[in-house]
Amino acid sequence: VMCAVADPSRVAPVLQQPEHLGETGRGLHVIAALSDGWGCTPTDTGKVMWATFLTRSAPPGPWPRSRPGPRRHQVAGTTP
């Protein structure tokens with residue numbers, strides 16, 4: 001599954017360490033933690049930020065389930 005959001009800014013986002021009590025700067029950390037891959041694709045009108053989420057068939061079981069496998073980060077300016 002892919003989720004994509006268009007943004008009129010042409011500035012690519014950068015994963016940075018947010019300030020301890022800061023109220024911004026955590027969005028990419030959330031996406032990186034929850035997705036299987038993410039990136040930024042430039043467009044004529046700005047950019048598109050996207051994240052992919054692999055679907056896995058699994059038998060029903062107790063929650064929470066651990067996430068198998070390593071996560072990867074897609075290089076900015078490329079498509080998945």
Side-chain angles (χ1 to χ4, degrees):
V1 174
M2 178 182 282
C3 176
V5 178
D7 183 336
S9 170
R10 292 179 186 236
V11 177
V14 177
L15 191 62
Q16 298 178 356
Q17 187 65 31
E19 293 183 27
H20 179 68
L21 297 176
E23 296 181 5
T24 63
R26 291 177 175 79
L28 285 180
H29 289 279
V30 172
I31 294 300
L34 298 177
S35 70
D36 293 291
W38 62 272
C40 178
T41 303
T43 67
D44 291 339
T45 58
K47 66 181 174 285
V48 173
M49 288 295 304
W50 52 265
T52 56
F53 303 87
L54 298 177
T55 58
R56 297 173 180 92
S57 297
W63 293 92
R65 291 185 200 173
S66 62
R67 291 180 50 128
R71 294 180 187 91
R72 66 176 179 82
H73 166 69
Q74 188 77 23
V75 177
T78 63
T79 56

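Note that the structure is predicted; figures quoted are calculated from it, not measured.
- Smallest separation of non-hydrogen atoms from Cys40 and Pro13: SG-CD, 3.9 Å.
- When all heavy atoms of Lys47 and Ser9 are compared, the closest pair comes out as NZ-O, 3.2 Å.
- The distance from the CD1 atom of Ile31 to the CH2 atom of Trp50 is 11.5 Å, given to the nearest 0.5 Å.
- For Val48 against Thr43, the heavy-atom pair with the smallest separation is CG2-CG2, 3.6 Å.
- For residues 24-35, there are no salt bridge (Lys or Arg N to Asp or Glu O under 4.0 Å) pairs, not counting sequence neighbours.
- Closest of all the heavy-atom pairs between Ser35 and Thr52 is CB-O, 3.4 Å.
- Note that SG of Cys3 is 14.0 Å distant from CH2 of Trp38, once rounded to the nearest 0.5 Å.
- Both Leu15 and Met49 belong to a common hydrophobic cluster when Ile, Leu, Val, Met, Phe, Trp and Tyr are linked at side-chain heavy-atom distances under 4.5 angstrom.
- Nearest heavy-atom pair, Arg10 versus Gly46, reported as atom, atom and distance to 0.1 Å: CG-CA, 3.8 Å.
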